[in-house]
Amino acid sequence: MAQISLTFPDGNKREYEQGVTPAAVAESISKSLSKKAISAMVDGQHWDLQWPIEQDAQIAINTLQDEAPALELIRHDLAHVMARAVQEIWPDTKVTIGPVTEHGWFYDFDRAEPFTPEDLGQIEAKMKDIINAREPVTTEIWERDRARAFYEENGEPYKVELVDRIPEGAPIRMYWHGGWQDLCRGPHLQHTGQLPADSFKLMGVSGAYWFGDVNRPMLQRVQGVAFRNRKDLQGYLNFLEEAAKRDHRKLGREMDLFHLQPEAPGQIFWHPNGWTIYTSLQDYMRRQQHRDGYVEVNTPQVVDRKLWEASGHWDNYQENMFIVEVDEEHAREKSINALKPMNCPCHVQIFNSGLKSYRDLPLRMAEFGSCNRYEPSGALHGIMRVRGFTQDDAHIFCTDDQIEAETKKFIEFLAGIYADLGFHNWTIKLSTRPEKRIGSEESWDRVEAALGDACKAAGYGFELQEGEGAFYGPKLEFTLTDAIGREWQCGTLQVDPNLPDRLDASYIGQDGEKHRPVMLHRAVLGSFERFIGILIEEHAGKLPFWLAPRQVVVASITSEADDYVHEVVAELKAAGVRAEADIRNEKINYKVREHSVGKVPVILAVGHREVEERTVTVRRLGEKQTKVAALAEITQELGVEATPPDLRG
RNA sequence: GCUGCUGUAGCUCAGAGGUAGAGCACUCCCUUGGUAAGGGAGAGGUCGAGAGUUCAAUUCUCUCCAGCAGCACCA
């Protein structure tokens, strides 16, 4: 029998027979290690304890102490244990796939009856039984035909399809958890007793298409979360609770920012407080754009279908557009229009009016463009995914040669704005050529490289999303994260040589000839609506002072201070601070509580003492400590804070 | 759009086949109180919309609308 040499993490080498399993290796080291072992890393690959090792390799035995492999195995084995539990309780359930997710796992089932919340409790109990039974996990590699026949006999059509999808040459691994069988690439634990029975929780049921395909049957997805110990699970559940408190929909109500109602699904009724945030942000963006060399324009909402046909939207985007038909009944002339879902075709119209010279490029044309898109009902989400929204949109008309410099300039522009708004964790994704595309390979090569190089030149890395670009060009996406970790695309930059072509945009070059410009579609915030939603969640409602809709409440402690309260409010307003008086007949405790809940950043309390000394007692949101300040001093201080970051001296 | 769940007062929620309840918020009165809810009284609801079953429906059934979770979508 041939020998192989295994190298351990401490550098020691030992000889073993070829085909030795990590289980045997662990056994050879110590009894206790062999018991604690859950899997191995073999040349950096996560390896099942039962898989043979055929050649010299680096090896490390994993135990529950090793977080990454431990979590993967716990979650993956729990997926199997759950599927087993479900099939034991409802034997006619068909199993499909059950992968590990960020915090746990899910398993998709095909079953006629829907799972109810009560069912989840039953499944959980059965899972605990299986864990306590310490069912051994075993594995074998089967021939394709045998596996196929096995699943056909067992009435598992989804598994048959999975067997068929396993690429030629890849092993078809069969796993058993006790008497229950599943097709799985592994690795898995030694036995179900290695699972922590108190550190997982089933989180719910939802629908999911088989292979994500709308045309395939909808399955029932049962999701769970799992950790190595009860404390981590509890920590995660606490995080979810905290996240729920930051939900922009909840804070929007509590802070009286906006509301939505059934008569206008996906469109926002902005209340005075919310609209104050919106306009403050918009004023700030307008100043930034002016500084960065943009011109601002405004274009029509309702546009004849002819333009959408020319731009290609009528053919490719119609189902997402609000179509407006005007008939002879009340208009004498019939016309078919669409609410604009984006601003680009209109911007090209402005570009096209009058001759443009190469000297005009790059031409940066911005619009706070109100757009309407008929988003699918299931996609709507608070103010983050809506049907009516305003983009901080701009199109940069430029030459091929200018793409990289313009992109770099844009990234720096965006980074400065995100920093001003308190965002420091955001990522760039570069989406490259999709399968269906137009344009030559050389031009894709050039433009993709330009975007990548621009990121590097601006000092940022990026994640590649291969094949995710638009059919006409690659794009950068700038992504922020909401309170519960969902990612939202906000900023974007897309290279588009197509639309200028379709709408016949041109400029006169140095050579006196007509040339096509390229368009860069770009946005920093994406939409004001989505961005404000994220802003609220990021700051848990405690917005930076200059954006806070209600900045200061001046609260009387006794009604004898009322006149002074009004005087303080007037001073603050004169200093550019959004201040209001609270002279209600309530105790100071009550007022402090109410305005704290309302996320007012500063409460100024005034009673006899303050009136006499011409001071105020300052209480900042989140701080228990108060301090006394002279009126003139605090007015000056808050006046500075109320100034947007770009206007401070 | 799909699967499942939900819809009762401004908000958070309880309730039951015989046309409704709590807390907070709101209005008024008492209280002028020093940093996260002082006390009392009052007002407020076509129980998401429509249809059906029933002597009787807010409660049961169906359809629609909206919301929530996930999937799909996201130029």
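Chain identifiers are assigned alphabetically (A, B, ...) following the order of the sequence lines, protein sequences preceding nucleic acid strands; residue numbering begins at 1 within each chain.
The listed nucleotides are B/rG34, B/rA69, B/rG4; the one nearest the side chain of A/H608 is B/rG34. Closest to the side chain of A/P262, out of B/rA75, B/rA37, B/rA66, is B/rA66. Candidate nucleotides B/rG67, B/rG70, B/rA75 were compared by shortest atom distance to the side chain of A/M218, and B/rG70 ranks first. In the set B/rU35, B/rA66, B/rG70, B/rU35 carries the atom at the smallest distance from any side-chain atom of A/A605. The side chain of A/P265 lies closest to B/rG67 when the candidates are B/rU35, B/rG67, B/rC2. With B/rA37, B/rA75, B/rC71 as the candidates, the nucleotide lying closest to the side chain of A/H313 is B/rA75. Distances were taken from every side-chain heavy atom of A/R253 (C-beta onward) to each of B/rA75, B/rC11, B/rA66; the shortest belongs to B/rC11. In this structure, of B/rA69, B/rA37, B/rU35, it is B/rU35 that holds the atom nearest to the side chain of A/V592. Distances from the side chain of A/E586 to the nucleotides B/rG70, B/rG34, B/rG38 place B/rG38 closest.
Within 4.0 Å of A/V214, counting heavy atoms only, lie sugar-phosphate atoms of the nucleic acid but no base atom. Contacts of A/K591 with the nucleic acid, taken as non-hydrogen atoms under 4.0 Å apart, are absent. Across all strands, A/E610 comes closer than 4.0 Å to base atoms (heavy-atom distances). Among the atoms of the strands shown, none is found under 4.0 Å from any heavy atom of A/R530. Residue contacts for A/P376: at a heavy-atom cut-off of 4.0 Å it reaches a base atom on one of the strands shown. At the heavy-atom level, A/T617 lies under 4.0 Å from base atoms of the strands shown.
Remark: the A/E113 side chain and the B/rG4 base include no donor-acceptor N/O pair separated by less than 3.5 Å. One donor-acceptor pair, N or O on each side, does fall under 3.5 Å between the base of B/rU32 and the side chain of A/S559. Remark: the A/R619 side chain and the B/rA36 base include a donor-acceptor N/O pair separated by less than 3.5 Å. The base of B/rC74 lies close enough to the side chain of A/R385 for a donor and an acceptor atom to sit less than 3.5 Å apart. Taking 3.5 Å as the limit, the base of B/rG1 and the side chain of A/Y209 contain a donor-acceptor pair of atoms between them.
The two atoms that bring A/L257 and A/P549 nearest to each other are CD2-CG, 4.0 Å, heavy atoms only.
More than 12 heavy atoms of other residues, nucleotides or ligands lie within 6.0 Å of CD in A/E623, so this atom counts as buried by the packing criterion.
Counting only residues at least two apart or on different chains, the side-chain hydrogen bond (donor to acceptor under 3.5 Å, both in side chains) pairs with a member in residues 551-561 of chain A are A/S556-A/K591.
Base pairing annotation: B/rG67 forms a Watson-Crick or G-U wobble pair with B/rC5, both donor-acceptor distances under 3.5 Å. Both distances falling under 3.5 Å, in either a Watson-Crick or a G-U wobble arrangement, place B/rG42 opposite B/rC26. Base pairing of B/rA20 is not made with any nucleotide, judged by Watson-Crick or G-U wobble geometry with both donor-acceptor distances under 3.5 Å. When Watson-Crick and G-U wobble pairs are counted only if both distances are under 3.5 Å, B/rG52 pairs with B/rC60.
Residue A/S377 has a polar side-chain atom (N or O) positioned under 4.0 Å from OP1 or OP2 of B/rG1.
Salt bridge A/R433/A/E468: absent, no basic N to carboxylate O contact under 4.0 Å.
Between A/V618 and A/T626, the closest side-chain pair of non-hydrogen atoms is not below 4.5 Å.
Rounded to whole Å, atom P of B/rA66 lies 9 Å from atom CG of A/L380.
In this structure, A/R75 is not positioned above the aromatic face of A/F200 in the sense of NZ or CZ being under 6.0 Å from the six-membered ring centre and within 45° of the axis.
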